[in-house]
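Let me begin by presenting the structure, written as structure tokens, before commenting on it.
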Amino acid sequence: MKEEDKIFVTQPAMPPLDEFINSLTEIWDNKILTNNGPFHIKFEKALADYLGVNNISLFSNGTLALITALQALRITGEVITTPFSFVATTHSLWWNNIKPVFVDIEPDYFTLDPEKIEAAITPQTTAIMPVHVYGNPCKMARIQEIADTYGLKIIYDAAHAFGVKQNGSSVLKGENLSILSFHATKVFNTIEGGAIICPDEKSKKRIDYLKNFGFAGETTVIEPGINAKMNELQAAYGLLQLKSVDNYILQRKVVTELYRQYLRDVSGIAFFDDISGIDHNYAYFPITVDVKKYGRSRDDLYEKLKSHNIFGRRYFYPLISQFPTYRGLASSSQYNLPVATKIANQILCLPIYPHLPHADVERICNIIIKFKQS
Ligand code: T4K
């Protein structure tokens, strides 16, 4: 089989090349490549409008946005977080010398279980870092209630939640910080990229300083910031992407509905349905494989699909708590994380992207159905 016949878990949707070349020509003419140039200014404004938020600060990637968000709020000590995420979530704590305390996920949508947070709070706890995993919104009202009671900050890792709305309003909005990723593999990509959404202009100012080495003006450095600025090429590319993102999400929705239709009656295969009141972005199509009912394990299915050149991914296996840096922590014990441990062993994300041919979705599902019967 040829390389181009491989189907990966995702493939980036990209803006028309000729339009990007026009933007590049402008950049070549004005020779501003980075440091809050004209495309950066335009993109930041357009993105805030699109997302329906007031204050947003662009970043070179989501990981640096997470790291900077923690610094901006001066988070120290211990932070409660989920082990069922991409490693960058917990790595951002490590880079700030903060101890992660893992709390289990809830079984319905795999987000941090608010009912298990209180038991993990200690005098050192300063914040909670939940993740809207796969774009499923966390139980935000309950998490807020706990944070308010204990005087904790919340930083949402919203890397998967671009464009997700709850009752018509962006999940990124509110009194907390939320972090987006615009990595090539995301619903909305700027090749690499990210952002912090913050509640007011004052916090945006501080974040803008911190992503530019801490500079507040030509000669003042407020504290050791990092270089996490988005460059002009990323911003120009992002501006073009904004024109198409609604369409990308619509195409993802069609792919999602096809998967649901084909896999609905396959015993042992489960997936999410739409949640009432939520505008989803259809970022991923995760399934869980129940070995007893399906007759094959998740890893058997993963390998079977691979043998057909279909490269699903086990996001998020292993749990972050199983990586060497974190597995020695008391909260990493599988007895503390029974739901996350079970889901990590069952999860498989099937390929999804706007231009995934519908015939390929059918073929993938047929392999899944036949593999059960064989
Ligand atoms: N928080 C959460 C919850 C996150 O999921 C992430 C990132 C972050 C924070 C950090 O944000 P960033 O710092 O990345 O902005 C990928 C991504 O690298 C990562 O951004 C993402 N989460 C994670 C869930 O997935 P890998 O190692 O699985 O990516 P990779 O390179 O294997 O790509 C997957 C498939 O996509 C490839 O098999 C082929 C296809 N692909 C990939 C790239 C990069 C393309 O077709 N074109 C491409 O350019 O981590």
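Owing to the predicted nature of the structure, the values given are computational and were not obtained by experimental measurement. As the structure lists them, so they are numbered: ligands from 1, and atoms in each ligand from 1.
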### Task
Would you confirm whether His132, through its side chain, and Pro137, through its main-chain N or O, come within 3.5 Å as a donor-acceptor pair?
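Answer holds: no.
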Where on [X] is there a heavy atom closer than 4.0 Å to ligand 1, on the side chain, on the backbone, on both, or on neither?
X      : result
Tyr315 : side chain
Thr63  : both
Asp157 : side chain

Looking at ligand 1, does any of its N/O atoms fall within less than 3.5 Å of an N/O of [X]?
X      : value
His183 : yes
Gly62  : yes
Ser85  : no

Can you name the atoms of ligand 1, numbered from 1 with element, that are less than 4.0 Å from a heavy atom of [X]?
X      : answer
Ala159 : 1 (N), 2 (C), 3 (C), 4 (C), 9 (C)
Tyr284 : 24 (C)
Ala184 : 49 (O)
Thr10  : 36 (O), 40 (C), 46 (O)
Ala88  : 8 (C), 9 (C), 10 (C)
Gly193 : 15 (O)
Pro12  : 45 (C), 46 (O), 47 (N)

Give the residue and atom name of whichever protein heavy atom lies nearest to [atom], and the separation in Å to one decimal.
atom                    : result
atom 22 (N) of ligand 1 : Lys186 NZ, 2.8 Å
atom 5 (O) of ligand 1  : His160 NE2, 2.7 Å
atom 35 (C) of ligand 1 : Val9 CG1, 3.9 Å
atom 42 (C) of ligand 1 : Thr185 CG2, 3.8 Å
atom 27 (O) of ligand 1 : Arg313 NH2, 3.8 Å

Would [X] and [Y] count as a cation-pi pair here, with the cationic atom under 6.0 angstrom from the ring centre and within 45° of the axis?
X      : Y      : value
Arg260 : Phe271 : no
Arg298 : Tyr317 : yes
Lys306 : Phe311 : no
Arg252 : Tyr353 : no

#### Entry: Glu192 touching ligand 1 at heavy-atom level, < 4.0 angstrom
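In this structure, Glu192 fails to qualify as a contact of ligand 1 - no heavy atom is under 4.0 Å.
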### Message
Looking at ligand 1, is there an atom of it that comes within less than 4.0 Å of some heavy atom belonging to Gly194?
### Response
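The answer is no: ligand 1 sits nowhere under 4.0 Å from a heavy atom of Gly194.
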### Message
I'd like to know whether His280 forms a side chain to side chain contact (heavy atoms under 4.5 Å, CB included) with Val164, so could you lay out the CA-CA distance, the side-chain angles of the two residues, the decisive distance to 0.1 Å, and finally the verdict.
### Response
CA-CA 5 Å; His280 292 276; Val164 175; 5.7 Å; no
### Message
According to salt bridge (charged side-chain N to carboxylate O under 4.0 Å, His left out), does anything in residues 12-23 pair up with another residue at least two apart or in another chain? List the pairs.
### Response
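Output for this query lists Glu19-Lys243.
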### Query
Cut-off 3.5 Å, side chains only: do Thr111 and Lys139 have a donor facing an acceptor?
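No, because no side-chain N or O of Thr111 sits under 3.5 Å from a partner of the opposite role on Lys139.
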### Query
Under 3.5 Å, is there a donor-acceptor pair linking the side chains of Tyr248 and Asn281?
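Looking only at side-chain atoms, Asn281 and Tyr248 do not form any donor-acceptor pair under 3.5 Å.
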### Message
Is the distance from the ring center of Phe110 to that of Phe316 below 6.0 Å?
### Response
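Centroid separation for Phe110 and Phe316: 6.0 Å or greater.
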### Message
Could you check whether Phe162 and Tyr50 have their ring centres less than 6.0 Å apart?
### Response
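Between Tyr50 and Phe162, the centre distance is under 6.0 Å.
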### Query
Who's closest to atom 23 (C) of ligand 1 heavy-atom-wise, of Phe86, Phe59, Phe8?
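Going through Phe86, Phe59, Phe8 one by one, Phe86 has the nearest heavy atom to atom 23 (C) of ligand 1.
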### Message
For Lys204 and Glu201: C-alpha separation, side-chain torsions, deciding distance, then whether salt bridge (charged side-chain N to carboxylate O under 4.0 Å, His left out) applies.
### Response
CA-CA 5 Å; Lys204 171 169 163 54; Glu201 276 176 35; over 6 Å; no
### Message
Taking transitive links into account, so neighbours of neighbours count too, which hydrophobic residues share a cluster with Val221 at under 4.5 Å side-chain distance?
### Response
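Members other than Val221 - counting any ILVMFWY side chain reachable under 4.5 Å - are Phe213, Phe215.
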### Message
Would you say atom 1 (N) of ligand 1 makes contact with the protein, given that contact here means a non-hydrogen protein atom less than 4.0 Å away?
### Response
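Given the 4.0 Å limit, the answer for atom 1 (N) of ligand 1 is yes, a protein heavy atom qualifies.
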